[in-house]
Number of protein chains: 2
Amino acid sequence: MIDTMRWLAEDDCLELLDQTVLPGKISYLKCRDYCDVAGAIKCLAVRGAPAIGAAAAYGLALAAKQLGPVDKISFIAGLERAVHELASTRPTAVNLRWALDRCLQSVHALETDDTGVLYSFLLETAHNIFHGDVESNRRLGQYGLELIPKGSRILTHCNAGALATAGYGTALGVIRAASEAGKNITVYAGETRPLLQGARLTTWELLQEGIPVTLVTDGMAGYLMAKEKVDLVIVGADRIAANGDAANKIGTYGLAVLAREHGLPFYIAAPVSTVDLSLASGETIPIEERDHSEVTSLAGIQVAPPGVNVWNPAFDVTPHRMITAIITDRGVARPPYLENLREALERL
Amino acid sequence: MIDTMRWLAEDDCLELLDQTVLPGKISYLKCRDYCDVAGAIKCLAVRGAPAIGAAAAYGLALAAKQLGPVDKISFIAGLERAVHELASTRPTAVNLRWALDRCLQSVHALETDDTGVLYSFLLETAHNIFHGDVESNRRLGQYGLELIPKGSRILTHCNAGALATAGYGTALGVIRAASEAGKNITVYAGETRPLLQGARLTTWELLQEGIPVTLVTDGMAGYLMAKEKVDLVIVGADRIAANGDAANKIGTYGLAVLAREHGLPFYIAAPVSTVDLSLASGETIPIEERDHSEVTSLAGIQVAPPGVNVWNPAFDVTPHRMITAIITDRGVARPPYLENLREALERL
């Protein structure tokens, strides 16, 4: 499996797979400071809620290295500036904030004033978040297995795969686990306009794994279900509110409505770091709106008339009542989510 | 308004606006024989159910010209070969077959053996179909007015505009009529992957008319409705069965499900030539599947990994129970469609 990101110890820098040019080109961006990481998150070179959490943690380690030998108050102030910049790159995914908070807390908890030690410790925390994410995805995949009958034909949206995480994936983690368990599944990948993460990334990951995949445009999902070509839907999430409402890539909500219309299970797969208990419902999840050019052009080619108005929300919110179950790295949560998500978070 | 097609009398040929290169380029294809017309329909240089009906009628006139001075039996046989070729270009839209049948019938009804006269007569029939379509769209637009409250925010899909017809449009005809009537409407245009007729053609038509339009990707429709940004949906149709089931551009069915979920009216706008009483339900409407490359590339750029499997139906079928009303050029038909569509067809 290809590395979504890797830390180059000999060079003290982070390499991020540039997902904007996949699958045509495999190229890594070298991030030598936290601003490079912030830029890579903003332009979606690295994307997917768990992956941007891990990348941001490495970004904070780079910020610590940049600060060099200063007193601890200046060091903390410098880190907080970096946290602010990294956290504000993308507003919807809560894993970003979760990872940065975890890093900051670990620094606050240390007694030492030695910024070299603090840097090493931050880097260690980033490694832990990175490796922890892979493990948590594998656990999540195993928990998800029980929900996937043999021979299932699964529709997914966007990319909640190895590329969206530190490795293995959330929705695609369940799909990988089901495939590894010999369940003979097949997958439909929604292309996911505007940025085509389904067409470019999900199909590419699944082809590499030898899992049968068929690409469809987003508008085909309804007819796919009406023609009884799909048995269940699994997608990832960028933030899940306390009541189970889930923000995910734009188009997810429509799939949930269609799944219910056709009596199909609709699953969210996400680690507990995606759950934000501070929000009572999905109403208050901030939804990022991105540049119009993502919709009006592709690879620099204008496809819509100049000057046309565009609405380009990057995410939507699926109400908890439409979600059959939320597959986490601490087990499968079913309704009522208000109790069962909290319980999953407290589980070890 | 730009011409979708025009007959050049001085040159005895049909010019078709090449819609595959809009909005970047305005260029006309010269069709000197019926094979040129068939090719233009196949590659979607001309598209939209009523437009391909009119283009095919001109194609048949070109076939008559090509046949030259032969006996009537050979002439009819030659025409029938052309009808077969023209009709088989695209299987879903019934207007194509309707127009060709009307032309053939007009030839059978004539007493003369003079193929020059027969050619003139076929050309006249094509002109009648062409001009009749513009008139019927204007009538349809007026009938549709009653369904559009002042200030409506209307979602449409694909292009059911002047470009999809001989002029004025069906779904966009209603939108034009509502705008001309001072109803202060605004429009959301779904981009309509894979071929982006919404992004390329609908926004372009509406910008030219000065009707406010906002472009969205197909996956945004659900969230658009959830955020209460749209009041009703109007789309065209390629074939309507006797019970009101309607085939239209892929993605339409999903919009109908979403509209019902949000309590929004869902209207089909189509001339009666789109109604096929020979089919009891939408189950038996043939659905064209098109080339994989339409999905795996966008604007000529490969966006998916080579070799990925694709499902690419060009249309889907919306069940009659999800359609609030069908706006025709002979009035608005409401459920039960089995009676009310038939009645509309018999109306003059």
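In what follows, every chain begins at residue 1, and chains take the letters A, B, ... in the order their sequences are listed.
With a threshold of 4.5 angstrom between heavy atoms, B/Q302 does not approach chain A through any atom at all. Residue contact with chain B, scored on non-hydrogen atoms closer than 4.5 Å, is absent for A/K249. Proximity to chain B (any heavy atom under 4.5 Å) is shown, for A/L224, by both the backbone and the side chain. Only the side chain of A/P23 comes within less than 4.5 Å of a heavy atom in chain B; its backbone stays farther off. Only the side chain of A/E261 has a heavy atom closer than 4.5 Å to any heavy atom of chain B. Heavy-atom distances place the side chain of A/L196, and not its backbone, under 4.5 Å from chain B. For A/P306, the part lying under 4.5 angstrom from a heavy atom of chain B is the backbone only.
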Let's go through A/R290 and A/E288 carefully: what are the C-alpha distance in whole Å and the side-chain angles of both, what is the deciding distance for salt bridge (charged side-chain N to carboxylate O under 4.0 Å, His left out) to 0.1 Å, and is it a yes or a no?
CA-CA 6 Å; A/R290 294 185 57 87; A/E288 178 183 8; 2.8 Å; yes

Show the numbers, then the answer: is there a side chain to side chain contact (heavy atoms under 4.5 Å, CB included) between A/Y337 and A/I268?
CA-CA 12 Å; A/Y337 293 114; A/I268 295 277; over 6 Å; no

Walk me through it: do A/L206 and A/I175 pass the test side chain to side chain contact (heavy atoms under 4.5 Å, CB included)?
CA-CA 9 Å; A/L206 294 176; A/I175 286 168; 4.1 Å; yes

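In the displayed structure, B/E283 atom CD is contacted under 6.0 Å by at most 12 heavy atoms of other residues, nucleotides or ligands.
Ring planes of B/W311 and A/Y223: parallel class, angle under 30° (limits at 30 and 60°).
Looking only at heavy-atom pairs under 4.5 Å with chain A, the residue among B/K227, B/M220, B/E191 that has the most is B/M220. Of the listed residues (B/T203, B/V216, B/L255, B/T192), the one with the most heavy-atom contacts under 4.5 Å to chain A is B/T203. The residue among B/L215, B/T318, B/N312 with the most heavy atom pairs within less than 4.5 Å of chain A is B/L215. Chosen from A/P305, A/A304, A/P319, A/A189, the residue pairing most often with chain B at heavy-atom distances under 4.5 Å is A/P305. Chain A forms the most heavy-atom pairs under 4.5 Å with one residue out of B/V317, B/L22, B/T217, and that residue is B/T217. For chain A, the option among B/A221, B/P194, B/G307, B/A199 with the highest count of heavy-atom pairs below 4.5 Å is B/A199. The greatest number of non-hydrogen atom pairs below 4.5 Å with chain B, out of A/I301, A/D218, A/L201, is found for A/I301. The greatest number of non-hydrogen atom pairs below 4.5 Å with chain B, out of A/M225, A/H262, A/H157, is found for A/H262.
Distance check, rounded to the nearest 0.5 Å: OG of A/S152 to CD1 of A/I234 gives 8.5 Å.
Looking only at distances, a side-chain donor or acceptor of B/R176 sits under 3.5 Å from a matching main-chain atom of B/Y168. A donor-acceptor contact shorter than 3.5 Å links the side chain of A/D316 to the backbone of A/G251. In this structure a side-chain-to-backbone donor-acceptor pair under 3.5 Å is present from B/R153 to B/E228.
Two residues are said to be in side-chain contact when any heavy atoms from C-beta on lie closer than 4.5 Å; A/E294 and A/V310 fail this criterion.
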